[in-house]
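A short worksheet on the structure shown next.
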Amino acid sequence: MGKPELTWDHSDPVHGRTMPAPFFYDEGIFAEERERIFLRCWHLVGHVNEFREPGSYVVQDIFEQSVVVTAGHDGGIHAWHNVCRHRGNRLMTERRGKVGAVLRCQYHSWCYNLDGGLRAAPRTEHLADFSKADWSLRPVRLEIFAGWVFVTLDDGAPPVREIAAGAEEEMRRFLPDLDTVELVEETDVVVEANWKVIQENSIEGYHFDLSGPVHKELAALIDFEGYRLTPRGLWWTYIGPPNKGATEAYGVPLEGATWQTDWFFNIGIWPNTTFYSFPYTDMIGTFIMIPIAPERSILRFGYYAPRGRPVPEVTRAAIRWMNTQLGPEDIELNITNQKGLHSMGFGSGRYLIDPARPNQSEHLVHHFHKLCYEAIRG
Ligand code: FES
Ligand SMILES: [Fe+2]
């Protein structure tokens, strides 16, 4: 007899149980998530301003698949399967880079134009029934949403502008720098935890003033009573109004500082993309949990600041603080949480859902779990 199928009754978030622990480590569940979530969803690659110069490229891996997004000579941005059509060699091996006129395979030197066409294939002049026109790179679907480049491996996926209808307006309210930012820094951290464990942690305010000291610093920068977490279908926001009395942030005085918003603004798009801004910074952060194995993820921190001017000191301090303080404090919790999920003394827990404490409620965690469950079982 095979293993009984794992199920979860998510109908009553208030009285019911949390998503059962095996959903966070079971190999079969992970395989289903790969198939039904990650091979079908949209993946954030970067900002359009990373593709201003022809030949610039960014590589995005999705499990064993790899996509290369290129800036063409026509001003367009295009996505291709990152594989040479000769014998299947991975084409570009760096995460980012810039080529001259062609993407060149380092095996037998087949060279592809930035429009995907095969320009040169050495010693194929006498090859029977061979036309370069038949061996272009294979395209991947790409969409630009709110200035960000997304790709999907599913030609039938609804567009980002449809699944995240209304999200761009919300982003523009809080992120006036949206169109002018460029990448300042990107850091990948391998975390020994399921990707959903990392997501959960970011979409609840319950642990804010109850966990580590850095979290309390963040809670003190906002009017924490006013923190609100709002599900909007396949996207969600968690937003905190400013604490107008703040005089310093991230260990740096605020006097003389400039910022795009003093709010703590976060927006998540199904399943694993988050854009955010820390209060009093001139920066847009991206926060992406990329599944590698059931209990291993890459946490990708991207930092984008307005192009053409120096990054303000408070913003620099915020990036440092995220990389060395807040990030690690949460990652530590992700790891201990992942370990605990295996315990014979656990199985399934409870959501703290209390309308009287909307700033701390875990309703958004339930919402996210439900989306995950429906994606693989719906
Ligand atoms: S595999 Fe790329 S040129 Fe041979
Ligand atoms: Fe946290």
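Not measured: the values here are computed from a predicted model. Heads up: numbering here begins at 1 and tracks the sequence. For ligands, and for the atoms within them, numbers begin at 1 and follow the listed sequence.
In the hydrophobic clustering of ILVMFWY residues, with side-chain heavy atoms under 4.5 Å counting as a link, Val58 and Ile144 come out together. Linking ILVMFWY residues whenever their side-chain heavy atoms come closer than 4.5 Å, directly or via other members, leaves Phe51 and Leu137 in distinct clusters.
Of all the heavy atoms of Ser109, the ones lying under 4.0 Å from any atom of ligand 1 belong exclusively to the backbone.
For the residue pair His215/Glu329, the side-chain donor-acceptor check at 3.5 Å is satisfied.
Centred on atom 2 (Fe) of ligand 1, the angle running from Cys84 (SG) to Cys105 (SG) is recorded as 110°, rounding to 10°.
Numbered from 1 in the order shown, with element, the atoms of ligand 1 that lie under 4.0 Å from a heavy atom of Asn89 read 1 (S). When each atom of ligand 1 is checked for a heavy atom of Trp110 under 4.0 Å away, the hits are 3 (S). Atoms of ligand 1 found under 4.0 Å from any heavy atom of His108, numbered from 1 in the order shown, are 1 (S), 3 (S), 4 (Fe).
The pair Lys339-Glu192 does not meet the salt-bridge criterion, since no charged nitrogen lies less than 4.0 angstrom from a carboxylate oxygen. Here Glu143 pairs with Arg161 in a salt bridge; the nearest charged N to carboxylate O distance falls below 4.0 Å. With respect to Asp282 and Arg309, a salt bridge is recorded, a charged nitrogen being found less than 4.0 Å from a carboxylate O.
Of all protein N/O/S atoms, those lying under 2.8 Å from the Fe ion (ligand 2) come to 4.
Between His367 and Trp236, the two ring planes are perpendicular [angle over 60°; tilted spans 30° to 60°]. Taking the six-membered ring for Trp and thresholds of 30 and 60 degrees, Tyr351 and Trp8 have ring planes inclined between 30 and 60 degrees apart.
Of all N/O/S atoms in His86, ND1 sits nearest atom 4 (Fe) of ligand 1.
Residues meeting the salt bridge (Lys or Arg N to Asp or Glu O under 4.0 Å) test with Glu170, sequence neighbours left out: Arg173.
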